[in-house]
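Everything below concerns the one structure shown next.
Numbers for residues simply follow the sequence, beginning at 1.
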Amino acid sequence: MSGGPAALPAPDNVASTRIADALRAAILDGRYQPGERIRQEEVAARSGASRIPVREALRLLASDGLVTLVANTGAWVAKLSLDECVETYLIRERLEPLLLRRSLPHLDEAAVGRLELLIESMEAPGGCVTEFLRADREFHLSSYAGAPPGETAQIIGRMWNTTQHYRREFSKLAHGTGLGVTHLEHRLLLDCIRRRDADDAERVLVMHIRRTRLALEQHKELFS
């Protein structure tokens, strides 16, 4: 006899996926703040569902790194200390270049063309931070999409989720002074991808991630 959790009935499965998708979008877009409590009864009422699919949705989000669950207490949007964020970025500096190297040979012309469109979207004048973040996230995660499925991609996806709020705050600060260096780094990275030069691509990506980490370290107020 299996000791694992019983599968949800089909309607609840659909509902939990729908609720998880809605909450994920709300957290990533900043409608929930780090450390903010997510009340199951409010989510259930808003979504027209029972608490069972809401609980399952929150478990899905916890596995994505977006939510912290406390037994018999509730769910909160994941929050990082400065030290935790710095450690996450240090890990990203090492893992993401590895994943890009594995991905690069398998990115076809259509994928490369999509990356260029995303860069153009990020560079478009008058864009808001939310639009920039969505395009930036798709640009980087799409550049890794050619890599074979595995644990590395899952770890990186989770790290992108847990650091989303802090990238947003960094982007707000950078928008005030201009994103010229960020746009240049994206262009350099695209050039490396086009040339299938994994060594150069790794160097540019490390510089790109490191620069954000160093900037965040100068803004301890973001973690209070």
Side-chain angles (χ1 to χ4, degrees), residues 24 27-30 32-35 59-70 75-107 115 118 122 129 132-174 179 181-182 184-186 188-190 192-193 197-224:
R24 183 182 295 107
I27 294 169
L28 293 177
D29 285 349
Y32 284 97
Q33 295 299 300
R59 282 195 288 268
L60 292 172
L61 295 178
S63 69
D64 287 345
L66 289 168
V67 166
T68 299
L69 298 178
V70 179
W76 284 262
V77 178
K79 182 178 182 179
L80 297 179
S81 67
L82 174 58
D83 287 344
E84 289 168 336
C85 190
V86 167
E87 181 181 13
T88 299
Y89 267 84
L90 287 169
I91 296 169
R92 285 184 55 201
E93 285 173 39
R94 286 150 180 79
L95 284 187
E96 290 188 36
L98 169 65
L99 194 60
L100 180 60
R101 177 179 285 274
R102 298 184 70 200
S103 171
L104 199 151
H106 307 290
L107 295 175
L115 294 178
L118 289 166
M122 285 185 276
V129 169
F132 170 83
L133 283 172
R134 287 174 181 166
D136 179 69
R137 182 186 179 94
E138 184 181 347
F139 173 82
H140 286 287
L141 297 185
S142 294
S143 75
Y144 308 145
E151 190 68 21
T152 306
Q154 293 181 31
I155 292 170
I156 289 171
R158 183 182 175 91
M159 288 183 170
W160 269 78
N161 287 339
T162 58
T163 56
Q164 174 81 0
H165 168 77
Y166 307 100
R167 283 195 313 280
R168 179 183 300 105
E169 296 308 307
F170 167 76
S171 297
K172 288 177 182 177
L173 294 169
L179 287 166
V181 176
T182 299
L184 175 60
E185 288 166 350
H186 286 153
L188 288 172
L189 194 53
L190 180 61
C192 297
I193 292 170
D197 189 329
D199 291 337
D200 273 1
E202 285 194 354
R203 282 190 283 269
V204 172
L205 185 56
V206 169
M207 174 180 65
H208 185 60
I209 299 170
R210 181 175 181 270
R211 192 171 60 82
T212 303
R213 171 174 60 81
L214 293 174
L216 285 170
E217 287 186 78
Q218 301 304 309
H219 293 279
K220 294 180 174 61
E221 74 278 3
L222 300 179
F223 301 88
S224 58

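The heavy-atom pair separating R168 from G30 by the smallest distance is NH2-N, 2.9 Å. For L99 against A153, the heavy-atom pair with the smallest separation is CD2-CA, 3.9 Å. Of all the heavy atoms in L107 and G146, the pair that sits closest is CD2-N, 3.9 Å. Closest of all the heavy-atom pairs between L80 and T162 is CD1-O, 3.6 Å. What you find for C192 and V204 is that their closest heavy atoms are SG-CG2, 4.1 Å. The two residues R137 and W160 come nearest to each other via the heavy atoms CA-CZ3, 3.6 Å.
Counting heavy atoms from C-beta on, the side chains of L28 and L66 come closer than 4.5 Å. Side-chain contact between R101 and D199: present, with at least one pair of heavy atoms (C-beta onward) separated by less than 4.5 Å. Contact check for H186 versus M122: side-chain heavy atoms found under the 4.5 Å cut-off. Residues I27 and Q164 have side chains not in contact (no heavy-atom distance under 4.5 Å, counting atoms from C-beta outward). Side-chain contact between I155 and M159 is present, with at least one heavy-atom pair separated by less than 4.5 Å. For the pair R24/L61, a side-chain contact is recorded, criterion being any heavy-atom separation below 4.5 Å from C-beta on.
A distance of 11.0 Å separates CE in M207 from OG1 in T212, rounded to the nearest 0.5 Å. The distance from atom NE2 of H208 to atom OG1 of T182, rounded to the nearest 0.5 Å, is 6.0 Å. Of the inter-residue distances, the one linking L189 atom CG with L115 atom CG reads 8.5 Å to the nearest 0.5 angstrom. In this structure, the separation between NE2 on H165 and CG on L222 is 6.5 Å, given to the nearest 0.5 Å. Here R158 contributes atom CZ and I156 contributes atom CD1; the two are 14.0 Å apart, rounded to the nearest 0.5 Å. The OG atom of S171 sits 4.5 Å away from the CG atom of L133 when rounded to the nearest 0.5 Å.
The salt bridge (charged side-chain N to carboxylate O under 4.0 Å, His left out) test with E93 is passed by exactly one of R203, R213, R210: R213.
The main-chain N or O of Y166 is never found under 3.5 Å from a side-chain atom of T163 such that the two would form a donor-acceptor pair. When atom types are taken as modelled, the side chain of R102 and the backbone of L98 share no donor-acceptor pair closer than 3.5 angstrom. Side chain of S143 to backbone of H140: a donor-acceptor contact under 3.5 angstrom is found.
The number of heavy-atom neighbours closer than 6.0 Å to CD of E87, taken from other residues, nucleotides and ligands shown, is 12 or below. Heavy atoms from other residues, nucleotides or ligands lying under 6.0 Å from CZ of R211 number more than 12.
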Requested in this report: List the steps, then state whether side-chain contact (heavy atoms from CB on, under 4.5 Å) holds for K79 with T68.
Outcome: CA-CA 8 Å; K79 182 178 182 179; T68 299; over 6 Å; no
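For R134 and E138, the salt-bridge test fails: no basic side-chain N is under 4.0 Å from an acidic carboxylate O.
Figure legend: R92 and Y89 shown as a cation-pi pair, the cationic atom lying under 6.0 angstrom from the six-membered ring centre and within 45 degrees of its axis.
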